[in-house]
Trainee: 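Following this message is one structure expressed as structure tokens.
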Amino acid sequence: MQIVSIQSLSKTQIENFKSYCDQLDLYFHCYALENDIDNRSKTFVCLDENIVKGYITLSNSEVDFKDIPYEYKNKTPRYPFPAIKIARLAVSYKYRHKGIGKALLKEAISRATMVSVSFGVLILTVDAKKDSVTFYEHFGFKKLIGYEEKYFISIQTLVKALLKSKD
């Protein structure tokens, strides 16, 4: 299993992907490659034996101070600050519950922490669908104030977790 850019896939590989969500499939089939090429977002694919088992799309974002839960406010600036957003994450319906989502999330975490070394990024965010909230909460994501589906985790927390996992 490897994580590759969507740009390395064939048209057939892209068209053959089918998840549990028509919206996520539509994005992957029609928009992900174009957005990747044009640098509007970047899509990474979990590929195994030339089969697309899942994908994750990352983009730039920002979060307003008012949206951060109280217990984190002393650690964040009082103005909008940069973030990386998990814009989409989907796993093929054939490979759900086999660690593909976790592998893709690890890829996002790795890339977010690398970017934070060179650029000002404080958090990783996601608009979690109702059926995926438990998945993100399991990995330490917290809910942003005033939104039903927006969650975040600090880059600092991610770096600590990565350092701990290398021990």
Side-chain angles (χ1 to χ4, degrees), residues 1-61 63 83-117 119 121-144 149-166:
M1 189 165 59
Q2 59 183 334
I3 306 289
V4 299
S5 167
I6 190 172
Q7 292 188 41
S8 66
L9 299 182
S10 69
K11 185 176 181 182
T12 303
Q13 287 173 304
I14 293 171
E15 290 170 350
N16 287 341
F17 177 77
K18 178 79 174 123
S19 74
Y20 59 94
C21 176
D22 291 341
Q23 281 182 304
L24 293 171
D25 294 344
L26 176 67
Y27 176 80
F28 189 70
H29 298 152
C30 300
Y31 304 106
L33 179 60
E34 179 182 333
N35 286 347
D36 197 281
I37 290 168
D38 291 343
N39 284 322
R40 289 188 287 262
S41 61
K42 290 294 174 183
T43 298
F44 303 95
V45 176
C46 182
L47 196 63
D48 193 18
E49 299 177 7
N50 285 325
I51 297 169
V52 176
K53 293 193 172 180
Y55 78 89
I56 191 164
T57 301
L58 303 174
S59 65
N60 294 320
S61 185
V63 174
I84 295 175
K85 180 179 182 178
I86 297 172
R88 294 185 179 61
L89 189 157
V91 175
S92 166
Y93 73 94
K94 294 179 184 178
Y95 301 101
R96 289 188 76 185
H97 309 292
K98 298 197 184 305
I100 305 300
K102 182 178 179 179
L104 290 165
L105 183 58
K106 280 184 166 183
E107 183 70 17
I109 288 168
S110 176
R111 289 181 181 275
T113 54
M114 283 191 299
V115 167
S116 74
V117 172
F119 301 98
V121 175
L122 295 178
I123 63 174
L124 180 63
T125 67
V126 64
D127 293 347
K129 296 194 178 309
K130 288 181 183 178
D131 62 342
S132 62
V133 166
T134 306
F135 172 79
Y136 291 107
E137 287 177 340
H138 172 76
F139 290 101
F141 281 76
K142 306 291 182 197
K143 195 172 188 177
L144 286 168
E149 73 290 343
K150 287 191 179 212
Y151 287 77
F152 79 99
I153 191 166
S154 76
I155 298 294
Q156 187 177 33
T157 300
L158 297 174
V159 169
K160 286 178 186 174
L162 281 177
L163 291 174
K164 193 174 188 179
S165 70
K166 290 182 182 180

Trainee: Within the supplied structure, the quantity of interest is the number of heavy atoms (other residues, nucleotides, ligands) at a distance under 6.0 Å from Y93 OH; does it exceed 12?
Mentor: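 Check fails, neighbour count at 12 or below.
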Trainee: Nearest 0.5 Å, please: how far is CD1 in I3 from NZ in K106?
Mentor: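 These two atoms lie 11.0 Å from each other.
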Trainee: If you compare all heavy atoms of A83 against all heavy atoms of T125, which two are closest, and at what distance to 0.1 Å?
Mentor: CB-CG2, 4.1 Å
Trainee: Report the residues that fulfil side chain to side chain contact (heavy atoms under 4.5 Å, CB included) with A112, sequence neighbours left out, ordered by chain and then residue number.
Mentor: I84, L124, I155
Trainee: So, for I6 and L33, which heavy atoms are closest and what is the spacing to 0.1 Å?
Mentor: CD1-N, 3.7 Å
Trainee: Hey, could you give me the CD/CD1 distance between E107 and I56, rounded to the nearest 0.5 Å?
Mentor: 8.0 Å
Trainee: So how far is it from E15 CD to C30 SG, rounded to the nearest 0.5 Å?
Mentor: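 The distance works out to 9.0 Å.
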Trainee: Heavy-atom distance under 4.5 Å between the side chains of F152 and S61, does that happen here?
Mentor: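 F152 vs S61: side chains apart.
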Trainee: Decide yes or no on side chain to side chain contact (heavy atoms under 4.5 Å, CB included) for L47 and L9, but give the supporting numbers first.
Mentor: CA-CA 9 Å; L47 196 63; L9 299 182; 3.9 Å; yes
Trainee: For the CG atom of L24 and the NE2 atom of H29, what is their distance to the nearest 0.5 Å?
Mentor: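 L24 atom CG to H29 atom NE2 measures 10.5 Å (nearest 0.5 Å).
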Trainee: Is there a side-chain contact between Y136 and I86 in this structure, where contact means two heavy atoms from C-beta onward sitting under 4.5 Å apart?
Mentor: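 Yes, their side chains come closer than 4.5 Å.
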Trainee: Spell out, as yes or no, whether a donor-acceptor pair under 3.5 Å connects the side chain of S154 to the backbone of T157.
Mentor: yes
Trainee: Determine whether K85 and D127 make a side-chain contact, defined as any pair of heavy atoms from C-beta on separated by less than 4.5 Å.
Mentor: yes
Trainee: Taking the six-membered ring for Trp, are F141 and Y151 ring centroids under 6.0 Å apart?
Mentor: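 F141 vs Y151: aromatic centres not under 6.0 Å.
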Trainee: What are the two closest non-hydrogen atoms of K129 and Q23, and how far apart are they?
Mentor: NZ-OE1, 3.7 Å
Trainee: Do other residues, nucleotides or ligands put more than 12 heavy atoms under 6.0 Å from K18 NZ?
Mentor: yes
Trainee: What is the minimum heavy-atom distance between A128 and V133, and which atoms define it?
Mentor: CB-CG2, 4.1 Å
Trainee: Do the side chains of M1 and I100 get nearer than 4.5 Å, heavy atoms only?
Mentor: yes
Trainee: Could you give the distance from NZ (K42) to CD (Q7), rounded to the nearest 0.5 Å?
Mentor: 5.5 Å
Trainee: Tell me, with the steps shown, if L89 and V126 meet side chain to side chain contact (heavy atoms under 4.5 Å, CB included).
Mentor: CA-CA 9 Å; L89 189 157; V126 64; over 6 Å; no
Trainee: Which distance, rounded to the nearest 0.5 Å, do you find between the OH of Y27 and the OG of S41?
Mentor: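 The OH atom of Y27 sits 3.0 Å away from the OG atom of S41.
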Trainee: Mark yes when over 12 heavy atoms from residues, nucleotides or ligands other than F139 sit less than 6.0 Å from its CZ; otherwise mark no.
Mentor: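 Correct, the count exceeds 12.
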Trainee: Any chance you could lay out the salt bridge (Lys or Arg N to Asp or Glu O under 4.0 Å) test for K143 and E137, step after step, and finish with the verdict?
Mentor: CA-CA 9 Å; K143 195 172 188 177; E137 287 177 340; over 6 Å; no
Trainee: Measure across S8 and V4 and return the closest heavy-atom pair with its distance rounded to 0.1 Å.
Mentor: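 Closest pair (atom of S8, atom of V4, distance): OG-CG2, 3.4 Å.
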Trainee: Where is the tightest heavy-atom contact between L104 and V45, given as atom of each residue plus distance?
Mentor: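 Answer, listing the atom of L104 first, then V45: CD2-C, 4.5 Å.
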Trainee: Please identify each residue that fulfils side chain to side chain donor-acceptor pair (under 3.5 Å) with S92, with sequence neighbours left out.
Mentor: none
Trainee: State whether R40 and D38 are salt-bridged, where the test is any N-O pair (Lys NZ or Arg NE/NH1/NH2 against Asp/Glu carboxylate O) under 4.0 Å.
Mentor: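 Yes, charged N to carboxylate O under 4.0 Å.
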Trainee: I'd like to know if the side chain of T113 reaches the main chain of I109, judged simply by a donor and an acceptor atom lying under 3.5 Å from each other, with no hydrogens or angles considered.
Mentor: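 At least one qualifying donor-acceptor pair exists.
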Trainee: Heavy-atom count check: over 12 atoms from other residues, nucleotides or ligands less than 6.0 Å from D131 CG?
Mentor: yes
Trainee: Just grab all the side-chain hydrogen bond (donor to acceptor under 3.5 Å, both in side chains) pairs involving residues 47-60, residues at least two apart or on different chains.
Mentor: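 Non-adjacent pairs meeting side-chain hydrogen bond (donor to acceptor under 3.5 Å, both in side chains): T43-T57, D48-K53.
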